[in-house]
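Reading through the structure tokens given below for one structure.
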Number of protein chains: 2
Amino acid sequence: MHSTAEENYIKAIYKLSGGGAHGVSTNALADALDTKPASVSDMLRKLSAKDLVHYVKYRGVQLTDDGRRVALRIIRKHRLWEVFLVQKLNFAWDEVHEVAEQMEHVKSELLVNRLDTFLNHPRVDPHGDPIPTENGEIPQVEQKALSALEVEQTGIVCRVKDSQPAFLQYLNRVGIQIGSHLQVLDKIAYDNSLEININRNKTVILSSDVLSKIFVIKP
Amino acid sequence: MHSTAEENYIKAIYKLSGGGAHGVSTNALADALDTKPASVSDMLRKLSAKDLVHYVKYRGVQLTDDGRRVALRIIRKHRLWEVFLVQKLNFAWDEVHEVAEQMEHVKSELLVNRLDTFLNHPRVDPHGDPIPTENGEIPQVEQKALSALEVEQTGIVCRVKDSQPAFLQYLNRVGIQIGSHLQVLDKIAYDNSLEININRNKTVILSSDVLSKIFVIKP
DNA sequence: ATAAAAGTTTAGGTTTGTCTAAATTTTGTT
DNA sequence: AACAAAATTTAGACAAACCTAAACTTTTAT
Ligand SMILES: [Mn+2]
Ligand SMILES: [Mn+2]
Ligand SMILES: [Mn+2]
Ligand SMILES: [Mn+2]
């Protein structure tokens, strides 16, 4: 079917385009995939020939309907394996991404669907990212970046939008996990950082960079 | 570490050499890996440079200690995943091999060991093949090919040495599985086939080809 | 409106793993 | 021992996926 390299490009295009919303630049892809722009150009020509992307030279790239279907299937597998690793094999949430990057490329319809059943059709992965259904639908939950909360407001952590171990380990250190109860105590105007109380207990100050990666729902 | 192609060569050398007992020929490898002898020669030069095999041109190849360690780790992963697929995801024994061929190449020490624990340290895979331990030991069980049984003798099926779906589906059809009780009723001298009674119930005639792939223990 | 800067593509290579065809070595047979 | 057959290796190519350097477009700033 598709090579691992092709699948990784498609997944990257999907993510960088915000689920297909806008076009993606060659440099952005090179950056995300840790390759050179020249290699990206090569691959885009190939993906275009396979009708997985709409590609106009110098003007960026977008997924076709076919491409989007492929992307969602890979993301589904990635996130289901992450759930498996955490729930069944007791991995920590900062240990799963790299392994799932490999498992997502295993080809077997039967496998994905049996895994989904085995895990009881989970809606989200260990980082709170939604798991696409077999039909390529993504269940949406109303959520808000922590950076958008006002002083006094509260929220429950439902998602963190960065799966790099360094970031997740930082959250471990601070004491934030999915389900944590947060309250904004104060806003520091100087750099838009917030003073946050965690689980009505510890209080920390989070930078605007970190705040923009944490998502909450109404308590 | 090692590429998927390299791992597949090493595994094939291990299997064809009977666990390292004897040397393996270029043609035998080409056959097993479904490639051409010329490609095998190329790869053997590479594996030799990496000290994974002892290779003497025109005289065949053997695994080094390093090579054997690599082989056993891949086989361990392959068989553990097969157990997972059957026991946890309800795969049939003829559906697992192809998927395990892919999963065996996922690289993560943590993953293999957690999987082993999750499955309760199984000794054998769904075909009765022993699972190498973390230290590269292979638990041996005394077993005998069905073709070696005399008339009147009985045995319990403990292993089938062919994982191709066609063969396993044939056994399903005949009604033989791991644990089946077999008794030899008669030997047909003409072609060395045996008349076999299964679970004190159905009786079938098995060709010597099939008999040599089924292994039994004393009841 | 133009020129510099930034972004992107093309040209020409490299590595891995494969292939076919030709050359070489080993084995088996008279 | 000599030669034919079989097994194996080498030579020369190719596709995938990557690279660097050079050329080309687009954007931005004067
Ligand atoms: Mn991930
Ligand atoms: Mn995730
Ligand atoms: Mn198998
Ligand atoms: Mn097996």
Side-chain angles (χ1 to χ4, degrees), chain A residues 1-17 22-63 66-67 70-71 74 101-102 104-107, chain B residues 1-17 22-63 66-67 70-71 74 101-102 104-107:
Chain A
M1 202 66 261
H2 305 113
S3 71
T4 296
E6 286 172 339
E7 291 188 346
N8 284 335
Y9 272 88
I10 293 189
K11 194 170 48 134
I13 295 168
Y14 181 88
K15 293 197 166 174
L16 290 173
S17 70
H22 42 268
V24 177
S25 76
T26 300
N27 272 359
L29 277 168
D31 209 60
L33 291 164
D34 203 25
T35 60
K36 302 294 165 182
S39 309
V40 174
S41 286
D42 276 357
M43 183 59 98
L44 292 183
R45 217 177 348 85
K46 264 189 291 190
L47 293 177
S48 186
K50 292 193 176 189
D51 274 319
L52 292 164
V53 301
H54 293 302
Y55 172 47
V56 182
K57 281 201 297 196
Y58 292 104
R59 315 249 58 148
V61 71
Q62 276 187 263
L63 291 178
D66 262 24
V70 172
I74 304 166
E101 284 290 309
Q102 300 180 63
E104 73 189 4
H105 301 291
V106 172
K107 268 122 192 137
Chain B
M1 199 70 261
H2 306 113
S3 71
T4 296
E6 285 171 340
E7 292 188 345
N8 284 334
Y9 273 89
I10 293 191
K11 194 171 48 133
I13 295 168
Y14 181 88
K15 294 199 164 172
L16 291 173
S17 71
H22 42 267
V24 176
S25 77
T26 300
N27 271 359
L29 276 169
D31 209 59
L33 290 164
D34 204 25
T35 57
K36 302 294 165 182
S39 309
V40 174
S41 287
D42 278 355
M43 182 59 96
L44 292 183
R45 216 177 351 82
K46 264 189 290 191
L47 293 177
S48 186
K50 291 193 176 188
D51 274 319
L52 292 164
V53 301
H54 293 301
Y55 171 48
V56 182
K57 280 200 299 195
Y58 293 103
R59 315 249 58 149
V61 70
Q62 276 187 264
L63 291 178
D66 262 23
V70 172
I74 304 165
E101 284 291 308
Q102 300 178 65
E104 73 189 4
H105 301 292
V106 172
K107 268 122 192 137

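Hydrogens, waters and symmetry mates play no part in the numbers below; they use all other heavy atoms, side chains included. Computed from a predicted model, the values in this text were never measured in an experiment. So that the names make sense, note that chain A is the first sequence line, chain B the second, and so on, each numbered from 1.
When DNA chain C is scanned in the 5' to 3' direction for atoms under 4.0 Å from non-hydrogen atoms of chain B, the outermost contacting nucleotides are dT16(C) to dT27(C).
The interatomic distance linking Tyr58(A) (OH) with dC24(D) (P) rounds to 9 Å, in whole Å. Here the P atom of nucleotide dA11(D) and the CZ atom of Arg45(B) are 9 Å apart, to the nearest Å. With rounding to whole Å, Lys57(B) atom NZ is found 8 Å from dT10(D) atom C1'. The distance from atom CG of Leu44(B) to atom P of dA7(D) is 17 Å, rounded to the nearest whole Å. One can place NZ of Lys36(B) at 17 Å from C1' of dT10(D), the figure rounded to the nearest angstrom. The nearest whole Å value for the distance from the CG atom in Leu33(A) to the P atom in dC18(D) is 8 Å.
Between Glu6(A) and Lys50(A), at least one side-chain N (NZ, or NE/NH1/NH2) sits under 4.0 Å from a carboxylate O, which counts as a salt bridge.
Between the side chain of Ser39(B) and the main chain of Thr35(B), no donor-acceptor pair closer than 3.5 Å is present.
OP1 or OP2 of dC18(D) has at least one side-chain nitrogen or oxygen of Tyr9(A) nearer than 4.0 Å. At least one side-chain nitrogen or oxygen of Asn27(B) sits closer than 4.0 Å to the OP1 or OP2 atom of dT8(D). Arg59(A) has a side-chain polar atom (N or O) that falls below the 4.0 Å cut-off from OP1 or OP2 of dT27(D).
Summarising the geometry of Asn8(A) relative to Glu101(A), their closest heavy-atom pair is OD1-OE1, 4.5 Å, with the distance given to 0.1 Å. Between Gly60(A) and Tyr55(A) the shortest heavy-atom distance is O-CD1, 3.8 Å. Across Leu63(B) and His54(B), no two heavy atoms sit closer than the pair O-CD2, 4.1 Å. Here the closest non-hydrogen pair linking Asp66(B) and Asp51(B) is CB-O, 3.9 Å.
Note that the CG atom of Leu29(A) and the NZ atom of Lys15(A) stand 13.0 Å from one another [nearest 0.5 Å].
Map Glu6(A) and Tyr55(B) each onto its nearest nucleotide of DNA chain D; the residue landing nearer the 5' end is Tyr55(B).
Counting non-hydrogen atoms under 4.0 angstrom, Ala38(A) reaches a base of the nucleic acid. Using a 4.0 Å heavy-atom cutoff across all strands shown, Ser39(B) reaches at least one base atom of the nucleic acid. Heavy atoms of Ser41(B) sit under 4.0 angstrom from at least one base atom.
Nearest to the side chain of Thr35(A), among dT8(D), dA17(D), dC18(D), sits dC18(D).
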